[in-house]
Structures are given as C-alpha cells and as structure tokens.
Amino acid sequence: MKSANQLLRTLAACAALIGLAACGSKPPSVPQETAAPVTPTQEARVERADFGTMKDGTAIDLYTLTNTKGVIAKIITYGGIVTELHTPDRAGKMADIVLGFNTLEGYLGAHPYFGAIIGRVGNRIAKGRFTLNGTTYKLAVNDGANHLHGGLKGFDKVVWKGEIVKADDGAALKLTYLSPDGEEGYPGNLTATVVYTLTNQNELRIDYTATTDKATPVNLTNHAYFNLAGEGTGSILGHELMIAADRFTPVDSGLIPTGRLDPVAGGPMDFTKPMAIGSRIDKVPLAPPGGYDHNYVLTSGGGALALAARVYEPSSGRVLEVHTTEPGLQFYTGNFLDGTIKGKSGTAYAKHAAFCLETQHFPDSVNQPTFPSTILEPGQTYKTTTVYRFLAQ
Ligand code: BGC
C-alpha cells in the first residue's frame, strides 16, 4: 500500500510528466520511509543455539522465537531471561525494547534482574520471615533486613529446562524448574513451569503454573526492563502511561507495605488517565532513591485476563499493553540504575533508562492478612497469565 506521502509525491511527479504512458502505474523513486521494514515470515518458529556455559559446566541455551510478522523474542535457560525483544515502530522499523546483555557473563554478574523470571515469591517479604500453619519460616535476606525477589538465589539465577512446544498461533517455549524443599528457606518441593508464547498478534504471553507438596507462598513474575524507544536510547520519563488502578499500597522506608490501600486520585500516583511518567515523578511519596517503585491495586481485582497498563512512546509510536490475571502491578522506574552497568549496545544504563511493569500479588502478602493470599496448597495448581502486547500508532 502506498502511504499518503508517497501518493502525493506520485501525483506531483505525474503532473510534471503529463503525457508519458508510465504515469500512474509505478511511483517515481522516492526516499524509503521505513529504514528496516518488518520481514514477514511464512510460519512462526523457534530456534535453539548455545549461549555459553556455567562455571559448573552446565550449558545454557538461547531460544529465538519469531512470529509471522517478524517480531523476535530471545530467551535463555539461565533465569528464563528475555534477553531481546524486537518490535516495530509506527514506520515498521524494528528495535530491541528491553535492557540486557549480549553474553552469559553479563547475566552472571551483578544486575537488577534484567528480563528474568522472579520467584519463588516476587517482591518483598518483611524481615524474610512468615508463619504458616504454626511454623515460622526464615528466608534468605538480601535487601537490607528484607527478602526480595526470591532471595540470594531466586528463580532468576537458576537454570531452567527448555522445551519447544506447539502453539496454536505463534511460537512457544516451555521452561520448567524444580525448586527443592527448603530452597532459600521456603517450604515444599515446588514444580514451576513458565510458557512463553510469541503470538502472531505481536504479543508475548507468559503462562505460569506451579504445584507443591507442602503449603508455600508463590508469586511469580517477569522483570523485563522496557524502553519503547529502544534499549540504550536514554530516559523513559517522556513515555506516557496509563495504569488501570485507583488505589496503591503505600510503603515504609524499606518499601514494605503499611497494609493500607490508598487512593491515587489527583496525586502523583494517579495514572488512571495517560500521563508522562516524568510529569510528577519528583512528588512521588517515599520510594528511595526517588521515582516510582510501587504496587498498584488493579481495578480488575485479578482472576480474569484484563488490561492493567498501557504505555505510549511518542517518538517511535510504540505502544505496550499489559494484560494480566494478577490483582497487582509493580510500577518501577529503574531508580537503582546508576550508570555503572553497560548494556548490550555498549550504553551505560542511567537512572530511569527503563521501566518495569511487574504483574504480581501484593508485596509482603504472606504477612498481610487483608491482602489476597499467595499460599499454594498441595493438590492445587497455581495458574496466572500475563500478556505484553506490542502495537504502534
Ligand atoms: C523492586 C525494586 C528493586 C528492583 C530490583 C523491583 O521489582 O520493586 O525495589 O530495586 O526490583 O531491580
């Protein structure tokens, strides 16, 4: 299809060349408007490649998922990390929109959970302690006095078993991990599976399931750091965000919820209507070292798949929609990025170089009786779904 600009140029060229038979059949050569157009493929596919070796000799695999529209997601078996995600802008030009590294060494070094699966319990548990059925469990503490994102060696730092699986409409990879009883202090052997499906509708769908042989808290998520203008292009403060939530869970100085659900109305936490992320970021309540790092209470209440957030990046036109069955959403603006980590394009990741939208149950739920429960009992199946949908306008 010709764009409006191309048609205008064609008409102008025709007017100048009146009388020539070729007029109208083929436009004169005009500058190409899309630098790197999307390459449609016949069928969605998954390819496996080597991605290096752990110190103990364990081989890490890289799976490349490609859909029929040429969108690409790369995922490794170390931490189930989404290492690359290439999506089109409004002109069809592709860019990698997630932060990360090119090599396994990068991921084995210190980094703030780039693209990883988070578990057994995402977000914070106060003092790394909880009591369940009369027993007090002491977890690994890795964030001041608190437990964060599964502890010292959470699901982001373990090796998952990868298996290419059939998808009705796209390309899919199934990852499985058996977390032994007592790992990081948690009770019960937990079998976790995460299926990543790159659909032909330009969605990255993540289906999480888990079963256990002892009651345990479970709260799985993905910690992708997005920059819709492209990884390494600078700050996300100009992105416009809508979050479908009219309440959030206020926190103390250790980022542990107070237990209240406060209204967002009118203040800097309010994203019920689309707002630039940076428009009120300096007025955000207590979240050292400054920025958003808060759990939103989604209006949907969780259960059925519902729109949780929508982000628009004005220069590229890229849009990210987040749909989830979870009741909560952690909105984090990369506050702890401080320029010390260099990413895959060689750029240092500065504060606010990306944002995260982590679908989840509320932080510290296991110690907060009024929050939706995170406890999985033997015989039950934990089941949640999150869909990241990529559009352009
Ligand atoms: C947390 C932040 C934390 C970050 C680690 C986010 O999910 O809310 O407080 O610093 O993960 O990268």
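Order of listing sets the numbers, starting from 1, for every ligand and every atom in it. Quick caveat, the model's predicted, so the values are computed rather than measured.
The side chain of Leu255, and not its backbone, has at least one atom closer than 4.0 Å to an atom of ligand 1 (non-hydrogen atoms only; side chain from C-beta on). At a heavy-atom distance under 4.0 Å, only side-chain atoms of Tyr225, from C-beta outward, approach ligand 1. Using a 4.0 Å cut-off between heavy atoms, His111 makes no contact with ligand 1 at all.
Between the side chains of Asn295 and Thr249, at least one donor N or O lies within less than 3.5 Å of an accepting N or O.
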Q.
Let's go through Tyr78 and Phe51 carefully: what are the C-alpha distance in whole Å and the side-chain angles of both, what is the deciding distance for ring-ring contact (aromatic ring centres under 6.0 Å, His included) to 0.1 Å, and is it a yes or a no?
A. CA-CA 9 Å; Tyr78 178 73; Phe51 196 69; 9.4 Å; no

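Residue-environment remark: NZ (Lys157) exceeds the threshold of 12 foreign heavy atoms within 6.0 Å. Within 6.0 Å of the CZ atom in Arg129, the count of heavy atoms belonging to other residues, nucleotides or ligands does not exceed 12.
For ligand 1, the polar-atom distance check against Asp293 finds a nitrogen or oxygen pair separated by under 3.5 Å. Ligand 1 has a nitrogen or oxygen under 3.5 angstrom from a nitrogen or oxygen of Glu358. Backbone and side-chain nitrogen or oxygen atoms of Pro112 are examined, and one is located within less than 3.5 angstrom of a nitrogen or oxygen of ligand 1.
Protein heavy atom closest to atom 11 (O) of ligand 1, with residue, atom name and distance, is His223 NE2, 2.8 Å. Distance from atom 3 (C) of ligand 1 to its nearest protein heavy atom, with residue and atom name: Arg124 NH2, 4.0 Å. Shortest contact from atom 10 (O) of ligand 1 to any protein heavy atom: Phe336 CD1, 3.1 Å.
Judged by distance alone, the side chain of Thr386 and the main-chain N or O of Thr324 form no donor-acceptor pair under 3.5 Å.
The six-membered or imidazole ring of Tyr296 lies away from that of His294, with a centre-to-centre distance of 6.0 Å or more.
Ligand 1 places these atoms under 4.0 Å from at least one heavy atom of Gln330: 8 (O). Heavy-atom contacts of Tyr113 reach the following atoms of ligand 1: 5 (C), 12 (O) (cutoff under 4.0 Å).
Contact of the Phe226 side chain with the Leu85 side chain is registered, since non-hydrogen atoms from C-beta on lie closer than 4.5 Å.
The cationic group of Arg310 does not satisfy the cation-pi geometry with Phe271, failing either the under 6.0 Å distance to the six-membered ring centre or the 45° limit from the ring axis.
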